Engineer: 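Got a structure for you, written out below as C-alpha cells; questions coming shortly.
Below, chains carry the letters A, B, ... as their sequence lines are ordered, and counting in each starts from 1. Keep in mind that what you see is a predicted model, and the values were worked out from it rather than measured.
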Amino acid sequence: MKYDPHSLEQKWQDIWEKERTFRSFRPGRPDAEKPKFYCLEMFPYPSGNIHMGHVRNYSIGDVLARFKRMRGFNVLYPMGWDAFGLPAENAAIQNGTHPASWTFSNIENMKKQLRRMGYSYDWTRELATCAPEYYRWEQAFFLKFLEKDLAYRKKASQHWCPSCHTVLANEQVIEGRCWRCDSEVEAKELTQWFLRISAYSEELLADLETLGKGWPERVLTMQRNWIGKSLGADIEFPLEEGTQRLRVFSTRPDTLAGATFMSLSAEHPLLDEILRGRPQEEEARAFALSIRNSVKTSAKGPEDLEKEGRFTGAYCLNPLTGARMPIWVANFVLAGYGTGAVMAVPAHDQRDYEFARKYDLPIQVVIQPENSPALRPEDMAAAYDRPGRLVNSGTYDGMDNEEAKGTVAGWLEERGLGRPSVQWRLRDWNVSRQRYWGTPIPVVYCDRCGMVPEKAENLPVLLPLEVQTHPDGRSPLPDSPTFCKARCPECGGEARRETDTFDTFVESSWYFLRYAASPADNGQAFNIEDLRYWMPVDQYIGGVEHAILHLLYSRFFIKALNDMGFIREIREPFSNLLTQGMVRMGGSKMSKSKGNVVSPSEMINRYGADTVRLFCLFAAPPERDFDWSESGIEGAYRFIQRVWRFCTDLAGKIPPAGPLSAGEEGPRDERARETRLREHAAIKKVGEDLENFQFNTAIAATMELFNHLLSTRDELLDEEPGRKALASATASLLTLLAPFTPHLSEELWQTLGFAGRAGEQPWPAWQAEALRRDILTIVVQVNGKLRARLELPAEASGEECEAAALTHDNIQKYIQGREIKKILHVPGKLINVVVA
RNA sequence: GCCGGAAUGGUGGAAUUGGUAGACGCAGCGGACUCAAAAUCCGCCGGGUGCAAGCCCUUGAGAGUUCAAGUCUCUCUUCCGGCACCA
C-alpha cells in the first residue's frame, strides 16, 4: 500500500477533533490531578496565511505538548489571534474591505492551515483580541491603571511614523526607523497616553535573575541593556546669579573637580530663565529651537552628528572647587535622560572633550593613571576614562577614583548639594495610537470636568464598525460623530470621546492569562483559581524579535495586574523561553518582497504535514537559523516512506502486542537482545533530547533505531524471540515518533494491530537491564593517543583489562623499553598508559 | 565603543559536559535492479601516506592547564545579534 499522507492525515485530524483528544482539564476535573504544563507559542497576527516561521514555531510547541502529555502532564496548549493592528487597516484601504471582515476571513483561513499541520491545540480556548469580549477587560485594566496612577497623559516629543500615520513607542523604533514599515521616524510634539512601566524598572531588572536558566542569555542581556540601570549621584551647581541651582546626574562624581563647564539640553526647563536679557539670548534661543525641530537623527547613528553648542552667557559654580563654569546649550544632551543637564568633564569624558576642543573650553585633569606619565591637557588626544588617582581635587588628592565616587557623593550629601542616585534608560510606554483598528481608550473629555475615565459598568467602549476609512491612513474615529459624542460620566453633560486606540502590544501583554483563566467567561477577566493552577507559562516559544517589546511589556503587565488585584501570586509570566531561529532561503530571511518564500500549504500538498514537521525539527537545533532545503525535505520524506513500507510490510508478521514491559524476561536470543538494546538506547536518547529541546538529535536517534530494525528484520522474523523483540522495538519506534509525525504513528500503530493510540501511550521508560552489554569496546591510549581497541567481556576485572591492554601488539610497540609511569583506567571505556 | 552569541568535512549538523571527533541527514562517487530512466536496494565518502597492519595531520589562529582539550584558561581573528551622544 502506497503512503498517502493526505487521506491519512485528514483521517486522524477528524478523529482527534471528534474524540476531543487535546482538551485540557480545569482544576478539580479528573485529569487536573496530573502535574500541569502550560505550553505557549507567540500567537500570530492574522495576516492571511501561515508562513514557515509559524510552522517552525508551532511544530516545536506541538512536539513539546504531545511529548508532555505522554509524559503524564495535564497540558494546556492554546491558540488565538493577535487581531488588531495596522495591516488590517491598510489592506482594507487597498481592497475596499472592512478591517473586521478582512481579519476574520484571514483567521478562518489560517486556522484551516494550522489544522492541516495536525497541531494539538485545545481550540475551545481560542480567542481573538479584536473581539469586544476580549478588549473590554483591557479597558477595565486601563481604568485601574489610571486609578493607581500607572497611566497618565503627557505632552512631549514623540516618535512619529509618517507612513503608518501614528506614534511609536521607544521600543518600536529600530535604528531611527519604524519597526513595522521601516520608514524614517520623525519627531512630533503630541499629548499621549503612557503606562508607567518605569515604576517597575527595579523589579523588571531584578527579576531577570529569577528567570535564570529558563531564558536565553542574550534575551536577558537585551532586557538588562534596555532597562539600563546606572548608578551615580545627583549634584547641584548653584547659579552665579540668583538662588537657583542646576541639577545634574553623573556616574562620575569622582571627577567633579574637573567639571569646567555645563551643558544643557535644548529643552532644559531653566534655559529660558538663564538666557533672559543676555546678549547671547537671541542666538542661543534660535539654536535651541533648531535642535528641537530637527528631524530625529538618521539611521546612520548619532555619533556621526557633529557636536554643537552655544554659550548662554551665564555661569554656575563648581560645588567642590568654587570654579566658575560657563553654561552652554549643546545638541548632544538628551532632554529625556537624567536631568537634561550634564556637568562637562572634558579631561575624562570623550564627548565633553570633543566639545571643549571645538569651543576652546578649559580642560582640567583630575584623574592620573598610575605607573604612566602624568596626563597634561595640552598633549591629550582623547579623554582619559580609565582608573587612577585624584589630582587637583583638594583634600581628595591621591585617593583612588573608585573610592572617591562614594566619598565625594557623601561630601555633597552632607552639604545638601547632592545625593547618590540611580538613573534608568527605560522610558514610560506610549500606548496611544492614532489609528482605527485597535482597542478604544476608555476616557472622555468634558468641557467642565476635563479628562474623565469611563465608568467600569459602561464598558466595553465599542469600536464602531460602521466607519469610512481614509485613503491616507488617518483614523476615521475623529470623524465619527456617533463614536465621539459621549456623556460625561461625571456630570452627565456632553463630552468628546478619546479617539486614539491602544498600541496592539497592550493586547498581547495579557492574552496568555485569558487563555488560561476564562476564555469564554464574560463575567470576569480571570478566574483566579484557574490562573493559580495554570500560570506561569512553563514553556514559551517564539521569535527573538520580541526579546524586548512583547516580552518586556508582558512582564510589566503581569506585575501591574498583580498589584492592582486582577491576578495573584504571579510576578513573572514565562518561566522558560525558547527563541527559535529564522527559516531562511538562500541565506536571507524569507520575505514576500524578496520573493524567496516557501509556502507551507504547498509543502503539505507535496509531502504531507508529517514530513514538513519532521524536516523543520530535524534541519537544525531550534534556536539556530536554518536554510530551507529542497533536498533536505526530500530526505525527511524518504525516511517517512521507508518507515511506512517497513511497518505495512510487517503487518501480520509480528505479534500485535506493544512494547515488552519492564518485568518481562528479556529474550535470550543474541539478535533479539541486540534489538532490545537498540530499542532502549533510543528510548533513553529521545526522551532526554526532548527534555532539552534537541529535536534534531532525537530524530536522529529514531533513525538509528529504524536503520537497525531494517537491517536485521529478516533474521528477527525467523524465530519467536526475534519477532517479539521486533514488535516491541517497532511499537517503541512509533511511540517515539508520535510527537513528531503523529498521523503516521497513529496509522501504522493501527495497521500493526497495537492496542489504543500511539500518541496516548505513556512515554516509554528505558530499562537499564536492556542497555547492559556483555562485550565492551575499550579504547587504549598511550600518552593520550589512541592506539588500540579491545573487545572485552563486561565482567572482566580492572587487572584483566589492563593486562589485555599492555599485551596488545600495537600497544607493545609504544611501551617497549619505556617506563610506565601511570595507567589511567575509566572502567568500561578507556585505558590510558602513560610512559616516560 | 559597550554587552551577548557563534566558528567542527563538499554541506545541515553530532560528540554522554574533559575520555574513540565527524552520529543522523543532504550532496557526491561506485554497484545491483531496468531495454532505459525514475524510484528502491547495497557499498564508499575529512586530508595525506602505505600492498596491508598502521602512521601523520585535522574542530577559526596562537599559547597554556591536563595522563587526556572540539570541550577548561588567556590572547587574537572573523561573523551574527542587541544597545549606542544614556552623562
Engineer: Atom CZ of A/F646 to atom P of B/rC41: distance rounded to whole Å?
Structural biologist: 13 Å
Engineer: Just N and O in the side chain of A/Y337: are any of them under 4.0 Å from OP1 or OP2 of B/rC85?
Structural biologist: no
Engineer: Hey, what's the ring geometry for A/F706 with A/F646, parallel, tilted or perpendicular (30° and 60° as the breaks)?
Structural biologist: perpendicular
Engineer: Any stems for RNA chain B, made of 3 or more Watson-Crick or G-U pairs in a row, each with both distances under 3.5 Å?
Structural biologist: B:1-7 with B:77-83, B:10-12 with B:24-26, B:28-32 with B:40-44, B:46-49 with B:54-57, B:60-64 with B:72-76
Engineer: Between B/rA84 and B/rG13, how far is it from one P atom to the other, in whole Å?
Structural biologist: 30 Å
Engineer: Starting at the 5' end of nucleotides 11-20 of chain B, put B wherever the base has a protein heavy atom under 4.0 Å, S where only the sugar-phosphate does, and a dash everywhere else.
Structural biologist: -SSS-B--BB
Engineer: Return the set of residues passing side chain to side chain contact (heavy atoms under 4.5 Å, CB included) with A/V835 (not counting sequence neighbours), or none when no residue passes.
Structural biologist: A/V782, A/N783, A/I815, A/R818, A/I820, A/V833
Engineer: Rounded to the nearest Å, what distance is computed from the CE atom of residue A/M222 to the P atom of nucleotide B/rA84?
Structural biologist: 11 Å
Engineer: Just confirming the chi classification of B/rG9, syn or anti, using 90° around 0 as the syn window.
Structural biologist: syn
Engineer: Can you tell me the distance, in whole Å, between the NZ atom of A/K229 and the P atom of B/rC3?
Structural biologist: 19 Å
Engineer: Could you give the CD-to-C1' distance, from A/Q350 to B/rG1, as a whole number of Å?
Structural biologist: 10 Å
Engineer: For A/D809 and B/rC55, give me the distance from atom CG to atom P, rounded to whole Å.
Structural biologist: 12 Å
Engineer: Measuring only the C1' atom in each nucleotide, how far is B/rA69 from B/rC33? A whole number of Å is fine.
Structural biologist: 49 Å
Engineer: Mind checking the C1' distance from B/rG18 to B/rU59? Whole angstroms is fine.
Structural biologist: 15 Å
Engineer: Please state how far atom CZ in A/R252 lies from atom P in B/rC85, giving the value in whole angstrom units.
Structural biologist: 20 Å
Engineer: Please give me the minimum heavy-atom distance between A/P827 and A/H825, naming the atom from each residue.
Structural biologist: CD-O, 3.3 Å
Engineer: Out of B/rC24, B/rA87, B/rC26, which has the shortest distance to the side chain of A/L334?
Structural biologist: B/rA87
Engineer: Report the C-alpha distance between A/E171 and A/W429 in whole Å, list the side-chain angles of each, state the deciding distance to 0.1 Å, and finish with yes or no for side-chain hydrogen bond (donor to acceptor under 3.5 Å, both in side chains).
Structural biologist: CA-CA 8 Å; A/E171 290 79 7; A/W429 176 13; 5.5 Å; no
Engineer: Using a strict 4.0 Å threshold on nitrogen-to-oxygen distance, state whether A/E217 and A/R224 make a salt bridge.
Structural biologist: yes
Engineer: Kindly say whether A/A383 contributes a backbone atom to a donor-acceptor pair with the side chain of A/Q350 at under 3.5 angstrom?
Structural biologist: yes
Engineer: Side-chain N or O of A/R224 versus OP1/OP2 of B/rC2: is the shortest distance under 4.0 Å?
Structural biologist: no
Engineer: With respect to the phosphate group of B/rC26, does any side-chain polar atom (N or O) of A/R638 fall under 4.0 Å of OP1 or OP2?
Structural biologist: yes
Engineer: Mind checking the C1' distance from B/rG12 to B/rU17? Whole angstroms is fine.
Structural biologist: 23 Å
Engineer: Once you round it to whole Å, what is the distance between P of B/rC3 and CZ of A/R425?
Structural biologist: 16 Å
Engineer: Using a cut-off of less than 4.0 Å, is there contact between a side-chain N or O of A/N810 and OP1 or OP2 of B/rC55?
Structural biologist: yes
Engineer: What form does the base of B/rU8 take, syn (within 90° of 0) or anti?
Structural biologist: anti
Engineer: Please measure how far the P atom in B/rU71 lies from the corresponding atom in B/rG62, and state the result in whole Å.
Structural biologist: 13 Å
Engineer: Can the positive tip of A/K307 be found less than 6.0 Å from the middle of the six-membered ring of A/F355, inside 45° of the ring normal?
Structural biologist: no
Engineer: We want to know whether A/Q223 and A/R555 form a side-chain donor-acceptor pair, criterion being a heavy-atom distance below 3.5 angstrom.
Structural biologist: yes
Engineer: Taking atom CZ as the centre, does A/R357 end up with more than 12 heavy-atom neighbours from other residues, nucleotides or ligands that are less than 6.0 angstrom away?
Structural biologist: yes
Engineer: Does B/rC57 have its OP1 or OP2 closer than 4.0 Å to a side-chain nitrogen or oxygen of A/K785?
Structural biologist: yes
Engineer: Are any of A/R218's side-chain N or O atoms less than 4.0 Å away from OP1 or OP2 of B/rC80?
Structural biologist: no
